[in-house]
Amino acid sequence: MATLLLTSCVSTRRVDYLQDMVHGSQIEIENRFEAVIAPYDQLSIRVMTSDLSGQNLAEPFNAAADNNGGYLVDVNGNIDLPTLGRIHVAGLTRLRLQDTLSYMLRSGGYIPDPYVSVRFNNFKVFFLGNNTGKVIDIPNERCTFLEALAMAGNVDQFTRRDRIAVMREVNGHMVMRYLDPRSSDIFNDPFFMLQQNDFIIVPNYNSGTLRNEFSYWMSLATMALSVGSLLTSIALYRSIKNQ
């Protein structure tokens, strides 16, 4: 009985997500998020055209991507493309890069009507916690903090939800922010929308904290049982006396 009481009281307070939200709550979030290309990203770039004369010119782009598994963005944010040479891509979204490459191929007279497709080959989020690690592949290049927790599937009642960290490289510095999924404030956090190569670090409560809380709830449970036993004894005594 005491164990059941402890489990129900502690898990509800620690575990429940978005505790301050009610039926009909509406919170505006950034739904037009686009990942930005960064050094060490690996990009898949495909060039296509409906013009027969341009198909031979498009082939080197695709062959280079197929042979190398994609174009690696170097430390300076550049990639080297056939025909077009070195291009600075860091800071661009993939859609912006598609438009840029299409314009360069068209305006340079290389391919009359190019269609360029750019995708991230390495959009991953790294999950560290509960004595384990996991790499989460994001197929659609858009992932929220809550979605990543769901995909990781390794957050239990012993997780300190007030200290779940998202760590990200920003302008050459590793930046860490704590996000608490029990509060709707996370929707307004700049790290709620994850970027490629973010780390999610999940800590557990230490044994001392668990022992203290266990002792607290056990004391309450013991007191409740004692009071209950006393009341039962009084009721039984009165019942026997009145007979």
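All values below were derived from every heavy atom in this structure, side-chain atoms included, with hydrogens, water molecules and symmetry-related copies excluded.
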Handout entry: Lys/Arg cation over aromatic Y17: R161, 6.0 Å, 45° cone
Key = yes

Exercise for the section: Consider only side-chain heavy atoms of I, L, V, M, F, W and Y, link residues closer than 4.5 Å, and tell whether M21 and L146 are in one cluster. Expected result: yes

Problem - Heavy-atom side-chain proximity of I164 to R160 below 4.5 angstrom - result: no

Handout entry: Common cluster, M151/F127, ILVMFWY with side-chain heavy-atom separation under 4.5 Å
Key = yes

Problem - Euclidean distance, L105 CG relative to Y110 OH, rounded to 0.5 Å - result: 8.5 Å

Handout entry: Common cluster, F199/L179, ILVMFWY with side-chain heavy-atom separation under 4.5 Å
Key = no

Practice task
May I ask you to decide whether D16 forms a salt bridge with R182, counting only side-chain N to carboxylate O separations under 4.0 Å?
Solution key: no

Exercise for the section: List the steps and the verdict of side-chain contact (heavy atoms from CB on, under 4.5 Å) for L97 and L43. Expected result: CA-CA 11 Å; L97 180 57; L43 305 175; 3.9 Å; yes

Problem - hydrophobic_cluster_shared for L149 and L18, side chain cutoff 4.5 Å - result: yes

Practice task
Using a 4.5 Å cut-off on heavy atoms from C-beta on, say whether the side chain of V75 contacts that of Y40.
Solution key: yes

Exercise for the section: State whether the side chain of S102 and the backbone N or O of Q98 hold a donor-acceptor pair below 3.5 Å, judged by distance alone. Expected result: yes

Handout entry: Face-on cation placement of R168 at F191 ring, 6.0 Å and 45° thresholds
Key = yes

Practice task
Quick one: pull up OG in S183 and CD in Q19 and give me the separation to the nearest 0.5 Å.
Solution key: 9.0 Å

Practice task
Report yes if the distance between the aromatic ring centroids of F187 and F192 is under 6.0 Å, otherwise no.
Solution key: yes

Handout entry: Among D137, L194, V135, the one residue meeting side chain to side chain contact (heavy atoms under 4.5 Å, CB included) with V125
Key = L194

Problem - Residue that, paired with R86, satisfies side chain to side chain donor-acceptor pair (under 3.5 Å) out of D80, N78, D74, N76 - result: D80

Practice task
Please report the C-alpha distance between I138 and K124 in whole Å, then the side-chain angles of each, then the deciding distance to 0.1 Å, and finally whether the side-chain contact (heavy atoms from CB on, under 4.5 Å) criterion is met.
Solution key: CA-CA 6 Å; I138 311 299; K124 297 177 174 64; over 6 Å; no

Practice task
Measure the shortest side-chain to side-chain distance between I79 and L72 over non-hydrogen atoms and say whether it is less than 4.5 angstrom.
Solution key: no

Handout entry: Nearest-0.5 Å distance that lies between atom OH in Y115 and atom CE in M48
Key = 5.5 Å

Practice task
Starting at CG of L101, measure out to CD1 of I87 and round the result to the nearest 0.5 Å.
Solution key: 5.0 Å

Practice task
List the atom of S44, the atom of N121, and the distance in Å for their closest heavy-atom pair.
Solution key: CB-OD1, 3.3 Å

Practice task
Could you tell me whether the side chain of F123 reaches within less than 4.5 Å of the side chain of N140, counting heavy atoms only?
Solution key: no

Completion exercise
Heavy atoms of I111 and P114 approach each other most closely as O-CD, 3.3 Å

Handout entry: Other residues, nucleotides, ligands: >12 heavy atoms within 6.0 Å of R177 CZ
Key = yes

Handout entry: side-chain contact (heavy atoms from CB on, under 4.5 Å) between T93 and I37, intermediate numbers included
Key = CA-CA 6 Å; T93 65; I37 299 170; over 6 Å; no

Handout entry: Atom CG of N171 with >12 non-hydrogen neighbours under 6.0 angstrom
Key = no

Practice task
Working to the nearest 0.5 Å, report the span between CD1 of I136 and CZ of F126.
Solution key: 10.0 Å

Problem - Main-chain N/O of A38 paired to D41 side chain as donor or acceptor, under 3.5 Å - result: yes

Exercise for the section: Return the minimal non-hydrogen interatomic distance between D180 and I186, and the atom names on each side. Expected result: O-CG2, 3.0 Å

Exercise for the section: Could you tell me whether the side chain of P112 reaches within less than 4.5 Å of the side chain of R106, counting heavy atoms only? Expected result: no

Handout entry: Side-chain ion pair, E34 and R94, N-O less than 4.0 Å
Key = no

Practice task
Looking only at non-hydrogen atoms, find the nearest pair between Q196 and F120 and report the distance.
Solution key: NE2-CE2, 3.4 Å

Exercise for the section: Under the side-chain contact (heavy atoms from CB on, under 4.5 Å) rule, what do M193 and C143 come out as? Steps first, then yes or no, please. Expected result: CA-CA 6 Å; M193 299 297 304; C143 183; over 6 Å; no

Practice task
Measure across I45 and N62 and return the closest heavy-atom pair with its distance rounded to 0.1 Å.
Solution key: O-OD1, 3.9 Å

Handout entry: Hphob cluster co-occupancy, M174 + M176, side-chain heavy atoms under 4.5 angstrom
Key = yes

Handout entry: Shortest non-hydrogen contact between P139 and R119, atoms and distance
Key = O-NH2, 3.1 Å

Handout entry: Flag, side chain of N122 to backbone of Q42, donor-acceptor distance under 3.5 Å
Key = yes

